[in-house]
Amino acid sequence: MNKTIAVIRGDGIGPEIVNEAIKVLDVIAEKHGHNFTYVDADMGGCAIDKYGDPLPRHELDKCLAADSVLLGAVGGPKWDSVAGNMRPEKGLLRIRAGMGVYSNNRPAKIWPQLAKASPLKPEIVEKGIDFIIVRELIGGIYFGEHKTYEQGEKISEDVMKYSESEIERIGRIGFETARKRRKKLCSVEKSNVLDTSRLWKAVMHRLAEEYPDVELSDMLVDNCAMQIVKNPAQFDVIVTENMFGDILSDEASMITGSIGMIPSSSLGATSNGLYEPIHGSAPDIAGKDIANPIGTILSAAMMLRYSFDMPKEADEIENAVGKVLSEGYRTADIMSAEEGLKPAKCSEMGGLICRAIKN
Ligand code: IPM
Ligand code: MG
């Protein structure tokens, strides 16, 4: 199959981790006779430096023209003083909105090999951690009006807004995702305080009538944050709004050992998706070849599975990751005190995964 992939390396560790994912994609292409064409696109701090804009229209157009987008990470202290609407992160929000990818899927699954890297007690980890956060990605407070003005003192406002149709389309993804798994959907909101959450809850319950095979429950977001560390085994699929999903997915990643392991897919109405690890640009370790490329490599696997209909190839990547972890190789973030573990740099980890796919 011929596929064009727009590649956004971005800032910080972005270029290093994306290079490893491309090495892996190349091995898959060669093994299965596919032809992946990569088109580089600039976004984030590097685009600000080059064009004075975190996502110029011509770069977004490259992404829209491709069959999917692979993204590393954007941002860093260098651009901290840039005005809010021109920050590197704004590029990320604009590409998500520009591609219309309203559904962000973030798995929280513990690899048995990494059980000891989890900060949770073994008896909690043993019960299993395998859930997915379905995060609404192009609405809510991220995309409401932001303003700061003077009225004797500075006042800032960020508007959180959701329409029924925006809630319904992400709700359906939640139910459909649960239907393919253990059929349990937990809708997370703050309906004891927020109007948007009360609407969210009402829409979820209306949808539930169409999905009688899925068990719907509601949870307040503060309680959910607690339950994720107390009893993560209770969750199958969590569906939630943009900012709650941002926060809960970082928490969920941590209990699986490292945020460096977690991939994500973002999809909208078409098969053209945006694939990125959920971690940031980690400027403190950039350029040192010590980052964990697995989150990005697994994001590439999700691209093959969800956008290119290549489940076998995706399985091969995921199995190769498992094999390399079983062999004891660890990047610094997932290293633990267990005997027999072997430290691996970012580029070595990518190379080991390639080797495991070939064999
Ligand atoms: C994420 C990130 C982004 C977000 C930032 C970088 C804008 O934290 O993808 O989770 O908040 O969505
Ligand atoms: Mg985040």
Side-chain angles (χ1 to χ4, degrees), residues 102-112 114-115 118-137 167-191 197 200-259 261-267 273 278 295 298-299 301-302 305-306 311 314-315 318 322:
Y102 61 84
S103 167
N104 182 218
N105 180 325
R106 299 186 160 188
K109 187 172 175 172
I110 193 147
W111 293 78
L114 297 184
S118 172
L120 296 185
K121 289 190 191 137
E123 57 266 35
I124 296 179
V125 175
E126 269 157 29
K127 286 202 230 146
I129 302 174
D130 179 10
F131 63 97
I132 290 184
I133 297 183
V134 174
R135 169 189 178 195
E136 199 292 323
L137 201 60
I167 301 171
E168 188 177 319
R169 66 183 180 179
I170 190 69
R172 286 193 186 282
I173 303 287
F175 279 101
E176 299 289 342
T177 308
R179 198 166 246 183
K180 292 189 201 120
R181 294 172 48 97
R182 301 192 300 274
K183 301 189 171 47
K184 278 174 62 184
L185 180 65
C186 181
S187 163
V188 172
E189 29 70 2
K190 187 74 185 168
S191 57
S197 282
W200 180 278
K201 189 172 174 182
V203 172
M204 290 298 156
H205 281 267
R206 200 163 71 207
L207 278 177
E209 288 169 21
E210 291 178 43
Y211 298 88
D213 51 323
V214 176
E215 180 197 322
L216 173 69
S217 61
D218 307 294
M219 198 177 276
L220 296 174
V221 62
D222 45 352
N223 183 27
C224 183
M226 193 169 78
Q227 295 298 330
I228 284 177
V229 289
K230 195 175 163 212
N231 178 17
Q234 71 186 286
F235 296 112
D236 180 17
V237 179
I238 288 174
V239 64
T240 192
E241 68 87 39
N242 203 344
M243 187 164 65
F244 297 161
D246 176 46
I247 299 168
L248 294 177
S249 61
D250 269 29
E251 188 193 13
S253 73
M254 215 45 234
I255 64 166
T256 69
S258 169
I259 193 170
M261 294 292 298
I262 311 289
S264 80
S265 67
S266 303
L267 286 157
I278 77 158
L298 292 173
S299 299
M302 286 181 109
R305 189 182 303 283
Y306 298 120
D315 284 347
E318 288 163 5

[X] to [Y] - nearest heavy-atom pair and separation:
| X | Y | result |
| --- | --- | --- |
| Val237 | Gly174 | CG1-O, 4.0 Å |
| Ala115 | Ile110 | CA-CD1, 4.0 Å |
| Ile129 | Pro232 | CG1-CG, 3.9 Å |

ask   = So, does Asp130 use its side chain to make a donor-acceptor pair with the main chain of Lys109 at under 3.5 Å?
value = no
ask   = Under 3.5 Å, side chain of Ser103 to main-chain N/O of Ile170, donor-acceptor pair present?
value = no
Any [X] side-chain heavy atom under 4.5 Å of [Y] side chain:
| X | Y | value |
| --- | --- | --- |
| Ile238 | Ile132 | no |
| Thr256 | Leu114 | no |
| Leu185 | Asp236 | no |
| Pro263 | Pro107 | yes |

Find the distance between [atom1] ([X]) and [atom2] ([Y]) and round it off to the nearest 0.5 Å.
| X | Y | atom1 | atom2 | result |
| --- | --- | --- | --- | --- |
| Arg135 | Glu241 | CZ | CD | 8.5 Å |
| Glu136 | Tyr102 | CD | OH | 9.5 Å |
| Met261 | Ile259 | CE | CD1 | 12.5 Å |
| Ile228 | Gln234 | CD1 | CD | 9.0 Å |
| Lys190 | Leu220 | NZ | CG | 6.0 Å |
| Cys224 | Phe244 | SG | CZ | 10.5 Å |

With [X], which residues qualify under side chain to side chain contact (heavy atoms under 4.5 Å, CB included), at least two apart?
| X | result |
| --- | --- |
| Ser187 | Glu189, Trp200, Met204, Leu216, Asp218, Val239 |
| Lys127 | Asn231, Ala233 |
| Glu215 | Lys184 |
| Ser249 | Arg106, Ile133, Ile278 |

Run the side chain to side chain donor-acceptor pair (under 3.5 Å) test against [X] and tell me which residues pass, sequence neighbours left out.
| X | value |
| --- | --- |
| Glu318 | Arg305 |
| Ser258 | Asp333 |
| Ser264 | none |
| Glu210 | Arg172 |

Non-neighbouring partners of Tyr211 that pass ring-ring contact (aromatic ring centres under 6.0 Å, His included), sequence neighbours left out = Phe175
remark   = By ring-ring contact (aromatic ring centres under 6.0 Å, His included), Phe131 pairs with (sequence neighbours left out) Phe235
inquiry  = Run the salt bridge (charged side-chain N to carboxylate O under 4.0 Å, His left out) test against Arg169 and tell me which residues pass, sequence neighbours left out.
reply    = none
remark   = By salt bridge (charged side-chain N to carboxylate O under 4.0 Å, His left out), Arg179 pairs with (sequence neighbours left out) Asp213
request  = Kindly indicate, with the supporting measurements, whether the criterion side chain to side chain contact (heavy atoms under 4.5 Å, CB included) is fulfilled by Asn104 and Ser265.
outcome  = CA-CA 6 Å; Asn104 182 218; Ser265 67; 5.9 Å; no
inquiry  = Between Leu267 and Asn105, is the side chain to side chain contact (heavy atoms under 4.5 Å, CB included) condition met? List the steps.
reply    = CA-CA 8 Å; Leu267 286 157; Asn105 180 325; over 6 Å; no
task = Apply side chain to side chain contact (heavy atoms under 4.5 Å, CB included) to the pair Val134 and Thr240, showing each step before the final yes or no.
result = CA-CA 6 Å; Val134 174; Thr240 192; over 6 Å; no
message = Tell me whether the count of non-hydrogen atoms from other residues, nucleotides or ligands lying under 6.0 Å of NZ in Lys183 goes above 12.
response = yes
